[in-house]
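In what follows, chains are A, B, ... by sequence order, proteins preceding strands, each numbered from 1.
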Number of protein chains: 4
Amino acid sequence: MKALVYHGPGKMAWEEKPTPTITKPTDAIVKILKTTICGTDLHIMKGDLPAVTNGRIIGHEGVGIVEEVGSAVSNYKKGDHVIISCITSCGKCEYCKRGMYSHCTDGGWILGNLIDGTQAEYVRIPYADNSLYPIPAGSDEEALVMLSDILPTGFECGVLNGKVQPGDTLAIVGAGPIGMAALLTAQFFTPSEIIVIDLDDNRLATAKKFGATHTINSSDGKAVEKVLALTNGKGVDTAIEAVGTPVTFGICEAIVAAGGHLANIGVHGKSVTLHMETLWSKNITLTTRLVDTITTPMLFKNVQSKKIEPKQLITHHFKLDEIVKAYDTFGNAAREKALKVILTA
Amino acid sequence: MKALVYHGPGKMAWEEKPTPTITKPTDAIVKILKTTICGTDLHIMKGDLPAVTNGRIIGHEGVGIVEEVGSAVSNYKKGDHVIISCITSCGKCEYCKRGMYSHCTDGGWILGNLIDGTQAEYVRIPYADNSLYPIPAGSDEEALVMLSDILPTGFECGVLNGKVQPGDTLAIVGAGPIGMAALLTAQFFTPSEIIVIDLDDNRLATAKKFGATHTINSSDGKAVEKVLALTNGKGVDTAIEAVGTPVTFGICEAIVAAGGHLANIGVHGKSVTLHMETLWSKNITLTTRLVDTITTPMLFKNVQSKKIEPKQLITHHFKLDEIVKAYDTFGNAAREKALKVILTA
Amino acid sequence: MKALVYHGPGKMAWEEKPTPTITKPTDAIVKILKTTICGTDLHIMKGDLPAVTNGRIIGHEGVGIVEEVGSAVSNYKKGDHVIISCITSCGKCEYCKRGMYSHCTDGGWILGNLIDGTQAEYVRIPYADNSLYPIPAGSDEEALVMLSDILPTGFECGVLNGKVQPGDTLAIVGAGPIGMAALLTAQFFTPSEIIVIDLDDNRLATAKKFGATHTINSSDGKAVEKVLALTNGKGVDTAIEAVGTPVTFGICEAIVAAGGHLANIGVHGKSVTLHMETLWSKNITLTTRLVDTITTPMLFKNVQSKKIEPKQLITHHFKLDEIVKAYDTFGNAAREKALKVILTA
Amino acid sequence: MKALVYHGPGKMAWEEKPTPTITKPTDAIVKILKTTICGTDLHIMKGDLPAVTNGRIIGHEGVGIVEEVGSAVSNYKKGDHVIISCITSCGKCEYCKRGMYSHCTDGGWILGNLIDGTQAEYVRIPYADNSLYPIPAGSDEEALVMLSDILPTGFECGVLNGKVQPGDTLAIVGAGPIGMAALLTAQFFTPSEIIVIDLDDNRLATAKKFGATHTINSSDGKAVEKVLALTNGKGVDTAIEAVGTPVTFGICEAIVAAGGHLANIGVHGKSVTLHMETLWSKNITLTTRLVDTITTPMLFKNVQSKKIEPKQLITHHFKLDEIVKAYDTFGNAAREKALKVILTA
């Protein structure tokens with residue numbers, strides 16, 4: 001089969017690889033129909049994740065058709081259409097039983113990281129019964145690619161951890177795909193105000209279209225004072241960090257109200273300064289999370305009932321074998337006005 | 001009347017001051033029976049809290065007898081014995097309605113800070129109906145002084161925010177009075193293991209007596225590795241910070257397990273380094289809180305039903321007019337093996 | 001002043017009564033601008049509530065202007081426009097501190113019940129600081145009358161107690177004003193499906209307009225089987241009882257799914273049969289509640305930000321002195337296609 | 001092998017049956033070391049559970065040694081000592097993912113009910129990875145038999161569902177084995193008062209020994225008024241029903257305080273009368289639950305750390321082949337002063 005293979009920092013190729021086979025009774029082989037590229041894949045390509053080694057097939061999102069299942073798989077059979085979760089869950093370790101699939105002792109985020117991933121014609125999915133989700137006939141499969149990672153990530157790490165409630169004032173720092181996923185899913189809880197902060201006016205305009213009540217371009221360094229002005233000096237009930245830098249984290253710290261929540265989604269490469277000299281008495285809650293994908297079934301229901309339209313996040317389409325070109329487009333998101341790209345087999 | 005008055009850094013005196021009077025219909029005047037000294041009072045005396053100005057009567061803990069009440073006070077009358085809460089609550093602002101008395105817009109921590117406090121023969125208590133708690137006849141009033149601040153602080157900021165649950169592994173960093181209050185009240189939720197960490201062997205021995213299952217003297221800089229060794233490398237479900245320094249906070253960051261809680265109690269004077277580069281994916285919850293004293297009635301019930309014996313925290317007794325001497329003892333806690341001192345009028 | 005006075009079963013009159021005056025420092029006198037009639041008022045008029053005695057001024061909803069305040073009232077002053085809560089809260093008893101204002105030891109539902117109410121030119125509001133809510137200039141005051149009772153009742157007793165969540169299937173039994181309030185506020189949490197059940201096709205058509213995804217006319221006695229058919233035999237995640245009879249309660253029992261919630265709002269006059277022989281193993285949660293009105297500030301924010309349009313509930317308008325005619329209209333709701341009527345002074 | 005076989009109402013025999021074998025890759029065969037008899041087994045023997053058919057091996061509790069595992073079992077291997085959960089969990093259906101193992105679509109309570117059970121020399125355990133719990137060497141295995149059913153049942157259905165909190169007043173109606181399990185595990189949350197109600201003075205004396213602060217013999221029909229007298233007329237924060245009759249349920253309804261919880265554990269054979277005419281406005285929460293056994297790992301930790309001593313529940317010992325005699329003893333619990341009996345292979 002053909003697959004996108006990582007060959008060290010800056011090197012990738014769409015090349016021939018052996019088609020995967022069942023190695024355990026709980027495995028399934030899935031033929032990829034549609035996949036996408038994640039910001040994390042760009043980090044991998046830069047060499048930021050040393051755990052990803054030369055020869056690895058990248059990608060952890062996608063929908064496909066079950067090609068073959070192991071003897072212990074009972075939820076799926078050949079021919080079923082499925083969503084592939086970015087998180088592999090064994091369903092039987094301490095963490096899976098607590099709903100913390102992200103820390104599954106034999107799974108977690110391994111696809112396109114520690115094992116071969118979805119930017120390929122076929123992929124092996126361990127613990128298929130717990131790591132795939134069924135797609136009924138007639139569904140819009142392109143939209144469902146957003147359920148592999150981006151929607152549960154924005155929702156679980158940002159919205160649920162941030163305890164967004166009706167009537168709340170919410171700020172989202174970062175209007176990339178993940179921030180947008182938080183923006184769309186936050187509206188399940190009907191906050192009164194959603195302030196989106198970014199450096200890119202195009203993305204801010206999109207955020208407005210997606211439901212932001214206020215947008216702030218933070219390139220002038222005045223985001224904090226603008227948020228405080230909008231909130232009578234109180235700050236926001238929930239601040240969602242959707243970038244992963246000390247600067248954006250610092251904005252969140254400065255704008256969270258007494259009694260509020262700071263929910264981190266961003267992948268951080270360095271430590272940040274936490275201002276405990278002011279925060280110690282502010283009754284705040286700060287959370288971190290690698291997505292567990294426990295809300296995938298719920299998100300699926302809300303996609304099917306049209307409560308959310310994830311398709312809005314898709315800006316570009318490519319054929320699967322044009323994936324190197326798609327990386328170029330997604331890697332220059334601002335220039336290309338790209339959010340999510342879809343690759344179709 | 002006589003009162004302990006702050007006269008700038010390092011200067012205090014037990015001196016004559018006007019007896020307080022009712023200034024609002026919601027006030028009460030309370031004659032102090034017993035009071036104590038808090039670690040925060042030592043900070044005030046060093047000049048660390050610039051909001052406390054020359055001439056201020058210090059102290060925010062105590063029990064007493066109601067001497068006089070304003071026309072709108074209905075829960076108390078002259079002669080009632082009461083616990084004075086360290087937090088003043090109006091009962092009618094946005095924050096009081098949310099149970100966040102610490103941020104009451106006309107109260108919060110004001111006693112012995114922004115208004116005159118309890119290290120005096122008499123004290124004026126604003127919003128008496130919401131800021132006092134009744135003491136039934138025959139109670140052990142000395143033990144109840146611990147309900148003014150230390151027990152709700154350890155319990156709310158440490159134990160409740162840390163979501164201590166039956167079967168959990170808990171670490172408490174700091175075995176001073178507040179850490180000890182967390183240790184005693186954590187046992188309401190029956191954790192399986194409680195590891196207490198401090199630099200003082202005497203305090204660690206006391207912690208063992210109070211219910212710690214393991215103690216670690218951190219003076220060798222190996223507290224983190226010892227905790228990881230005790231927990232099979234996983235870390236603790238809840239880490240309670242009860243000191244307020246970057247070093248002790250750093251220990252808490254390093255020992256909190258994936259999915260765990262870091263509950264800060266300590267008053268911090270500087271920022272800390274938060275290792276988001278490792279924490280971002282660990283699904284942790286970090287909380288800060290100034291005590292709200294919303295659990296005072298519950299704690300009172302558990303004191304009355306002997307589920308907790310706060311008297312154990314009391315190591316020294318003085319007469320109220322010996323308060324300067326009491327400050328010297330409490331200010332040299334390690335040398336004097338002091339936890340809480342009681343001053344009796 | 002003029003007021004609507006209850007004179008025993010079936011007898012009421014719009015007649016002269018003494019204008020109320022401040023009797024406690026925490027009181028306010030409010031001049032009524034707009035009020036409405038509640039289903040409970042109809043019960044009072046039939047004599048179903050023996051606690052309501054001859055001579056009582058009825059009514060517990062409305063907006064008005066503060067005319068005078070007692071010496072301990074600090075949140076309001078003469079001239080402020082306010083929403084009157086149907087629940088009086090002292091803010092300082094055990095129940096108010098727990099957020100259970102409905103059981104306030106010196107308040108709760110007393111207006112137009114144990115003390116004179118709002119269907120009058122003026123009303124005395126005890127504990128004004130905690131029992132009124134401010135209206136900013138320029139608000140649509142008619143819509144805000146719905147915040148006195150009906151919206152918090154539908155939301156707290158039905159939606160919050162029923163733990164409605166995104167993706168859920170919800171059934172509301174009863175499409176009167178309270179059921180409609182539950183229907184509107186349930187959408188704050190974005191359930192996937194909302195099934196509304198009633199005997200009146202007109203109300204069901206309105207429910208559809210207000211956001212119901214399915215409606216069932218239960219007059220054929222087949223509501224249960226229809227709900228089960230719609231839910232693959234599983235039943236609903238949440239069933240809200242908004243009528244108050246054994247039959248409607250029985251429908252809720254029969255349609256609640258394993259693991260689901262049955263949230264009662266209806267005022268019941270008789271006991272019901274609870275089928276514990278099947279329910280004991282179904283992991284259900286059944287709740288009852290007299291509205292606490294703790295969510296009034298949140299609901300107010302969502303009205304101001306247009307997340308909900310309570311005005312849709314208003315079907316008829318009268319002048320305040322036409323109130324007897326308004327009772328006739330509201331008392332024949334099906335014939336008149338009435339939901340809520342507004343009376344304007 | 002030998003096993004206890006049900007042959008219709010009133011008929012059982014300890015007789016030869018084929019030794020079970022692996023039928024699915026997720027199965028394990030366990031050699032029984034110790035088992036016990038449940039109140040439910042007595043119901044089966046009376047013919048109350050028609051789903052249990054002639055020829056069924058009874059029993060759903062026990063500890064044993066793994067004899068053989070299927071190809072997909074990874075958590076256990078031959079020779080491991082294990083606790084057998086009364087609930088079988090597949091770990092991959094909708095309910096298992098929600099932590100509602102009791103409603104597992106291919107499991108739930110099936111042992112000794114729909115498939116052969118544990119009162120035998122060997123038992124086949126489906127979904128072994130999720131339905132067994134490991135026993136470390138050196139554990140007191142007799143005590144751990146209580147973790148199969150009785151402790152998680154008392155704890156999950158009674159204590160957790162009843163939201164027992166520090167300082168609460170709790171009543172437990174029924175002092176049989178399940179009520180006692182609730183009594184022991186309720187103390188994990190340190191309620192101030194625990195009132196136990198039963199008809200048997202011997203059991204009440206045992207309840208006192210196990211931590212009850214008050215006991216009431218309800219044979220005079222005055223339990224309700226006695227509980228109200230003990231609670232200043234308010235009733236209890238949590239009432240746990242541990243019998244399963246209309247009378248005992250009725251006591252719970254009458255003693256639950258406003259804002260309180262009624263947690264049902266009892267298996268009911270008939271409907272009960274729910275007094276909604278008084279309860280509708282009392283803000284109560286009523287729960288039902290078939291045990292999910294999700295707390296088994298936590299309970300295990302607290303047994304190992306000696307926070308609870310389940311061995312106290314064991315009153316009688318028999319050899320496994322004396323099981324018919326053991327049924328006679330357990331079936332006459334009051335006469336024999338029996339709580340739990342242990343059968344050792």
Side-chain angles (χ1 to χ4, degrees), chain A residues 22-28 66 69-77 80 82-85 87-107 125-134 136 147 152 156 160 291-301 304, chain D residues 22-28 66 69-77 80 82-85 87-107 125-134 136 147 152 156 160 291-301 304:
Chain A
I22 299 287
T23 61
K24 283 195 178 176
T26 43
D27 284 349
V66 174
V69 298
S71 64
V73 173
S74 61
N75 289 353
Y76 301 99
K77 60 177 191 309
D80 285 350
V82 291
I83 299 164
I84 299 166
S85 177
I87 297 294
T88 300
S89 162
C90 76
K92 54 194 190 184
C93 72
E94 172 195 358
Y95 293 102
C96 284
K97 287 184 176 188
R98 287 165 65 183
M100 260 176 78
Y101 306 163
S102 58
H103 288 71
C104 173
T105 54
D106 195 31
I125 302 294
Y127 300 111
D129 276 340
N130 288 62
S131 308
L132 298 172
Y133 293 91
L147 286 176
E156 295 178 8
L160 284 190
V291 64
D292 294 303
T293 68
I294 51 165
T295 61
T296 306
M298 181 281 270
L299 291 164
F300 178 80
K301 280 193 227 165
Q304 295 296 90
Chain D
I22 299 288
T23 62
K24 285 196 177 176
T26 43
D27 284 350
V66 174
V69 296
S71 63
V73 172
S74 60
N75 290 351
Y76 301 99
K77 60 179 192 308
D80 286 350
V82 291
I83 299 164
I84 299 166
S85 177
I87 296 293
T88 300
S89 162
C90 75
K92 55 195 192 184
C93 72
E94 171 194 359
Y95 293 103
C96 285
K97 287 184 177 186
R98 287 167 63 185
M100 260 177 78
Y101 306 163
S102 58
H103 289 70
C104 173
T105 54
D106 195 31
I125 302 296
Y127 300 111
D129 276 340
N130 287 62
S131 308
L132 298 174
Y133 293 91
L147 285 176
E156 295 178 10
L160 283 190
V291 65
D292 294 303
T293 67
I294 50 165
T295 62
T296 306
M298 181 282 273
L299 291 164
F300 178 79
K301 280 193 228 163
Q304 295 296 91

| task | Drop me the distance from A:K97's NZ to D:C96's SG, to the nearest 0.5 angstrom. | result | 9.5 Å
| said: For the CG atom of D:N75 and the CG atom of A:D106, what is their distance to the nearest 0.5 Å? | reply: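 Reported to 0.5 Å precision, the distance equals 10.0 Å.
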| A:P25 portion near chain D, given a 4.5 angstrom heavy-atom threshold |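 Side chain only.
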| Between A:N130 and chain D, which part of the residue has a heavy atom less than 4.5 Å away: side chain, backbone, both or neither? |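 The answer is both parts of A:N130.
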| D:S74 and A:K92, any side-chain heavy atoms less than 4.5 Å apart | yes
| said: More than 12 heavy atoms of other residues, nucleotides or ligands under 6.0 Å from NZ of A:K24: yes or no? | reply: no
